[in-house]
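A, B, ... follow the sequence lines: proteins, then strands. Residue 1 opens every chain.
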Amino acid sequence: EPEVTQTPSHQVTQMGQEVILRCVPISNHLYFYWYRQILGQKVEFLVSFYNNEISEKSEIFDDQFSVERPDGSNFTLKIRSTKLEDSAMYFCASSTSDYGYTFGSGTRLTVV
Amino acid sequence: QKEVEQDPGPLSVPEGAIVSLNCTYSNSAFQYFMWYRQYSRKGPELLMYTYSSGNKEDGRFTAQVDKSSKYISLFIRDSQPSDSATYLCAMNTGGFKTIFGAGTRLFVKA
């Protein structure tokens, strides 16, 4: 069964450092998303990406965040200057034209 | 009022029981309703997906949507220990953003 692959599975970074989280969505999917889940809290929408541009973003997705699809397969989330409160599980997801996403296993980001 | 409300549980049932999981919501614009299962430290996995009101069945799982009451349910028949997980309801108005409930932790005891 096709999978969404995320790397790394766990990343520890110092406050103020830049991090890039990587995702390989399912190859025939057209819609790509980043969600995050702070420990013990809800899964929260960050951003959606369609047709090589951001289609919607949340209030969380401020100027510190950016997304890119640098080639035909990868989808990345960059956080420019990490804060302690950015510590969370970050999930990449992709979908076809419907609303049932396939999620990756996530990257656990720990900011120290 | 929260946009999506879901009792976090935990809910503990014996093996073979029928499990009922529920969510309420306040935004009448929601049209797409999903249930995801999430195991510890894993990504959510789509179980059921329903458009508008009605019922949908898939194996041991039945999803119900009552838009007039703003209430959705997931029923699990003949529950198994492997069903122990957190169940997330999720909703979408037809845009790009899906709103998730807090999740209900389910334990099925052998």
Specify the closest pair of heavy atoms between [X] and [Y], including all atoms of both residues, with the distance to one decimal.
X: B:Tyr49; Y: B:Lys56; answer: O-NZ, 2.7 Å
X: A:Arg108; Y: B:Arg41; answer: NE-NH1, 3.1 Å
X: B:Tyr71; Y: B:Thr24; answer: CD1-CG2, 3.6 Å

Do any N or O atoms from the side chain of [X] and from the backbone of [Y] form a donor-acceptor pair under 3.5 angstrom?
X: A:Thr82; Y: A:Gln17; value: yes
X: A:Gln37; Y: A:Gln41; value: yes
X: A:Thr107; Y: A:Pro8; value: yes
X: A:Ser87; Y: A:Val111; value: yes
X: B:Asp66; Y: B:Ser69; value: yes
X: A:Gln14; Y: A:Val112; value: no

Check whether A:Val67 and A:Ile79 end up in the same hydrophobic cluster, where Ile, Leu, Val, Met, Phe, Trp and Tyr are linked by side-chain heavy atoms less than 4.5 Å apart.
->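 A:Val67 and A:Ile79: one cluster.
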Joint hydrophobic cluster, A:Leu30 plus B:Leu46, side-chain heavy atoms closer than 4.5 Å |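 The answer is yes; both residues are in one hydrophobic cluster.
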Leading residue by heavy atom contact count with chain B [cutoff under 4.5 Å; candidates A:Ser9, A:Ser55, A:Gly106] |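 Among A:Ser9, A:Ser55, A:Gly106, the one with the most close pairs to chain B is A:Ser55.
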Could you tell me whether the side chains of A:His10 and A:Thr110 share a donor-acceptor contact shorter than 3.5 Å?
->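 Note: A:His10 and A:Thr110 side chains meet the donor-acceptor criterion.
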When only pairs under 4.5 Å are counted, which of B:Leu88, B:Val4, B:Asn92, B:Thr86 shares the most heavy-atom pairs with chain A?
->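 Maximum pair count with chain A is reached by B:Asn92.
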Using a 6.0 Å cut-off, check whether atom [atom1] of [X] has over 12 heavy atoms from anything other than its own residue.
X: A:Leu39; atom1: CG; answer: no
X: A:Lys57; atom1: NZ; answer: no
X: A:Asp63; atom1: CG; answer: no

Do A:Asp86 and A:Gln64 have side chains that get closer than 4.5 Å, going by heavy atoms?
->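 They are not in side-chain contact.
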Can you list the residues of [range] that sit under 4.5 Å from chain A, counting heavy atoms only?
range: residues 96-110 of chain B; answer: B:Phe96, B:Lys97, B:Thr98, B:Phe100, B:Gly101, B:Ala102
range: residues 30-39 of chain B; answer: B:Tyr32, B:Met34, B:Tyr36, B:Gln38
range: residues 73-84 of chain B; answer: none

Centroid-to-centroid, A:Tyr101 to A:Tyr33, below 6.0 Å?
->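 Yes, ring centres under 6.0 Å apart.
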When only heavy atoms count and the cut-off is under 4.5 Å, which of residues 18-28 of chain A reach chain B?
->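 None at all.
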